[in-house]
Colleague: 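Below is a structure I'd like to ask you about.
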Amino acid sequence: MMRILFPDNSSREIENGTTGREVAVSISRGLAKKALAFELDGKLYDMSAVIPHDGQLKIITFADDESLEILRHSSAHLLAAAVLELYPETKFGIGPSIENGFYYDMDIPGFKGEKGLEAIRSRMKRIIKKNLPFERKEISHEDAVELFSGRSEGFKLELLEEIRNKDEVITVYSLGDFVDLCRGPHVPSTKFLADFELLSVAGAYWRGSEKNDMLTRIYGTAFNSSEDLKAHLEFLKEAKKRDHRKLGAELELFTTKGTGGPGFVYWLPKGTIVKETLENLWKDAHRHSGYQLVSTPHIAPVELWQTSGHYDYYRENMYFTEVENGEYALKPMNCPGHIIVYKNSRRSYKELPLRIAELGTVYRYERSGALHGLMRVRGFTVDDGHIFCTADQIVAEIQDVVRFALYFLKMFDFGYKIELSLMDPADPDHYAGDISDWQRVQPLLAQALVDMGEDFVTVEGEAAFYGPKIDIKLRDALGRYWQGPTVQFDFNIPDRFDLEYIGPDGASHKVYMVHRALFGSVERFIGNLIEHFTGNFPGWLAPVQLVILPITSVQNDFAEMLYNKAVGMGLRCKLDDRSETIGYRIRGAETDKVPYMFVVGEREVESETVAIRRHGEGDIGTLPVEEALKTVVDACVRPALPKWR
């Protein structure tokens, strides 16, 4: 006999060999019908599995958070089973659950891409109606090799080869004719998988390597209810409408197409205005906050990167070239350049903390499949800053940087969450420096956040190789989180470059260093802004703030006078006196998401007034010229500089 404990702290004895389903039935047949899996001491099992030992048991239903991952993984198998029925020559890679969905990588001869999804979707629904069971079987490594060899499943054989000498139970799951190498667990049968949808098709290299075969990746999503599925599909529809790649093209902000190379951004005139306006605010805010701005080269000898540690820990993400028989690297980060600035003169404790910053363009190798508009590129601008300070200044400086980062996020009404990224104690070789320094410094970062009253979660294994960091994830209008500001403490690179300062005792002392980026990447931050505002930038950031629209050519002189006044008041203004109808030109300004329009006709010229239209609202009234201009100027005032220091 065994004893199991339930979540309500009740317990019972069961016979050896009892399955999860039998326990669920003994509680109630209603529960058994809803049961997806069971959890024993934190590990998930199929409902058909025998309960292996005493422990705390929980029956998983749709009401439990754990259900979604099981549901989505099972849906990936359902997808594969449907594909196999339609395309019998398919070879299967992997099909995991992911956040908000699932995918399966497959080599599908004759597949028609997006056009083929409807047939697969219909076949999945047919399999659901059959209520096919998911059947689990434990087999030996030899039997698994024989099984998948007989099916000519080369990708599965490759996975089996990797676990040949590991002490691991090999399990396969069958769903109709589809058999997969899988740890599980899965739902009992396909009747639980009704609320799914297939979303898209993409190419994906096997195991993420460009040296391997290109497979077809089919994405899908699945939920516990039709209501949740519908809500998610509406969310995806809204996200598609906000896609910065689509809006960037429509609003003529940037391009990543053409012959300029994948992963490199070409800013068009309107996008350049947005970028420069944001960067000018950044520069003014930094000077106001005690930073000194610098500029460093895009390329440096490889020896510099060897000293910094980037060559050892970051080499696979760097680009290299030969210059006069010497090896150079395009900079992936700005920190070594800022160290050279620091070392340009002998530093006294009276100069510390020394805060320097740069809008520095860096270059990092990203796989072509990972590139994504402005969010993931190969060349981008980091709003980089480095603070050189003494040990007793660290906490205050880190707190000031966090406040500075939140100043920008709050300016745009972004929400946020904070993660404290620590080293992985099980993998110390991945990090530079002495582990005792890490153990001493990591609590300082935590205490800095606690003293500020900021909530945060700790994440092991996400630290930079040179030190722990604070990552601030920004939350946009759709509730999505994106990588944003980062604050990184560094006690390794200063040692590598022998950074010191002269203390009040006249002796040399070790300098500590804080790396920080408040936007993270200017490109990614602007991509976030485009999606957050659906391209409707705040007035001060809009590439064109005002369009003046004479109804006929008779009003052109008056419209030109308005244009000159607006430009003289510092507004970014456009005079649209084309011969098209006024309705057509108004629609054009709306499509371009210009915050304000002045419409002038015969009546407005006679009364020296303008009819004002606001984007998304339409006509908001008629005002005298000076008052109308002041209305727009007031709506386009740049945010105030930070007051926290």
Side-chain angles (χ1 to χ4, degrees), residues 236-258 260 262-282 371-377 379-381 408 411-414 474 476-478 480 482 519-549 563 566-567 570-578 580 582-599 612-618 632 635-636 638-639:
L236 293 179
K237 183 178 179 181
E238 179 65 21
K240 186 176 182 179
K241 184 175 74 175
R242 293 171 179 261
D243 191 321
H244 74 282
R245 295 167 298 178
K246 172 178 175 288
L247 289 171
E250 291 175 355
L251 300 176
E252 298 180 317
L253 300 176
F254 67 91
T255 181
T256 56
K257 298 179 180 178
F264 295 98
V265 180
Y266 292 79
W267 292 98
L268 304 178
K270 290 181 181 179
T272 299
I273 291 173
V274 174
K275 184 172 181 283
E276 287 187 345
T277 302
L278 187 65
E279 290 178 345
N280 288 338
L281 172 65
W282 183 94
L371 300 175
H372 181 75
L374 298 177
M375 305 302 196
R376 200 77 176 263
V377 293
F380 55 95
T381 302
F408 283 109
M411 176 189 303
F412 297 108
D413 294 323
F414 282 123
L474 60 88
D476 67 13
L478 291 180
R480 301 171 299 182
W482 302 89
F519 295 149
S521 152
V522 172
E523 283 74 8
R524 184 174 60 226
F525 194 79
I526 292 176
N528 292 143
L529 288 175
I530 293 170
E531 298 200 359
H532 185 57
F533 290 112
T534 325
N536 298 314
F537 293 112
W540 67 274
L541 194 57
V544 178
Q545 297 165 323
L546 172 65
V547 172
I548 296 172
L549 302 164
Y563 172 81
V567 171
L571 291 172
R572 295 189 287 273
C573 185
K574 175 183 176 182
L575 173 58
D576 186 356
D577 57 0
R578 293 175 296 165
E580 279 84 357
I582 187 65
Y584 179 87
R585 286 178 285 150
I586 288 174
R587 287 193 298 274
E590 284 288 342
T591 299
D592 290 342
K593 302 183 187 295
V594 179
Y596 285 91
M597 289 170 259
F598 284 177
V599 180
I612 307 177
R613 295 181 65 89
R614 186 181 292 143
H615 173 67
E617 296 182 30
V632 179
C636 296
R638 197 179 76 167

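Values below: all heavy atoms of this structure, side chains included; hydrogens, waters and symmetry mates excluded. Only a predicted model underlies this, so the values are computations on that prediction, with no experimental measurement involved.
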Colleague: Exactly one of Leu541, Val265, Val522 should register a side chain to side chain contact (heavy atoms under 4.5 Å, CB included) with Lys275. Which one does?
Modeller: Val522
Colleague: What is the minimum heavy-atom distance between Leu546 and Val594, and which atoms define it?
Modeller: N-CG1, 3.8 Å
Colleague: Using a strict 4.0 Å threshold on nitrogen-to-oxygen distance, state whether Glu238 and Lys241 make a salt bridge.
Modeller: yes
Colleague: Checking side-chain polar atoms at under 3.5 Å, does Tyr596 have a donor or acceptor matched by the opposite partner on Arg613?
Modeller: no
Colleague: Any donor and acceptor pair, going by atom type alone, linking the side chain of Arg585 with main-chain N or O of Asp576 inside 3.5 Å?
Modeller: yes
Colleague: NZ of Lys270 to CZ of Phe254: how many Å apart, nearest 0.5 Å?
Modeller: 14.0 Å
Colleague: Checking Arg242 side chain against Ile530 main chain: does a donor-acceptor pair fall under 3.5 Å?
Modeller: no
Colleague: Look up atom CD in Glu250 and atom CG in Asp243, then write down how far apart they are to the nearest 0.5 Å.
Modeller: 9.5 Å
Colleague: Taking the side chain as every heavy atom from C-beta outward, state whether Arg578 and Tyr584 have any atom pair closer than 4.5 Å.
Modeller: yes
Colleague: Tell me the closest heavy-atom pair linking Trp540 and Met411, and the distance in Å.
Modeller: CZ2-SD, 3.9 Å
Colleague: To the nearest 0.5 Å, tell me how far Glu523 CD sits from Arg376 CZ.
Modeller: 14.0 Å
Colleague: Answer yes or no: is there a side-chain heavy-atom contact under 4.5 Å between Glu590 and Met597?
Modeller: yes
Colleague: Once rounded to the nearest 0.5 Å, what's the spacing between atom CG of Leu278 and atom CZ of Phe537?
Modeller: 9.5 Å
Colleague: Out of curiosity, Asp476 CG to Asn528 CG, how far, rounded to the nearest 0.5 Å?
Modeller: 7.0 Å
Colleague: Check Phe408, Phe414, Phe519 against Leu474 for a side chain to side chain contact (heavy atoms under 4.5 Å, CB included) and give me the one that passes.
Modeller: Phe414
Colleague: One pair to check against side chain to side chain contact (heavy atoms under 4.5 Å, CB included): Lys593 and Phe533. What are the steps and the verdict?
Modeller: CA-CA 11 Å; Lys593 302 183 187 295; Phe533 290 112; over 6 Å; no
Colleague: For the side chain of Thr255 and the backbone of Lys257, is there at least one donor-acceptor N/O pair under 3.5 Å apart?
Modeller: yes
Colleague: Within a strict 4.5 Å, meaning less than it, do heavy atoms of the Thr256 and Phe264 side chains meet?
Modeller: no
Colleague: Locate the shortest heavy-atom distance separating Pro595 from Gly539; write the atom from each residue and the value.
Modeller: CG-CA, 4.3 Å
Colleague: Looking only at non-hydrogen atoms, find the nearest pair between Asn536 and His615 and report the distance.
Modeller: OD1-NE2, 2.8 Å
Colleague: Could you pull out the closest heavy-atom pair between Leu247 and Thr534, with the gap in Å?
Modeller: CD1-C, 3.6 Å
Colleague: Could you check Asp592 against Val544 for side chain to side chain contact (heavy atoms under 4.5 Å, CB included), going step by step and ending with a plain yes or no?
Modeller: CA-CA 9 Å; Asp592 290 342; Val544 178; over 6 Å; no
Colleague: As a quick check of understanding, evaluate side chain to side chain contact (heavy atoms under 4.5 Å, CB included) for Met375 and His244, giving each step before the final call.
Modeller: CA-CA 9 Å; Met375 305 302 196; His244 74 282; 3.5 Å; yes
Colleague: Compare every heavy atom of Gln545 with every heavy atom of Leu571, then report the nearest pair and how far apart it is.
Modeller: CA-OE1, 3.4 Å
Colleague: Indicate the ring-plane relationship of Phe525 and Phe412, choosing parallel, tilted or perpendicular according to the 30° and 60° boundaries.
Modeller: perpendicular
Colleague: Passes side chain to side chain contact (heavy atoms under 4.5 Å, CB included), Trp267 versus Ile526? Steps please.
Modeller: CA-CA 11 Å; Trp267 292 98; Ile526 292 176; 3.8 Å; yes
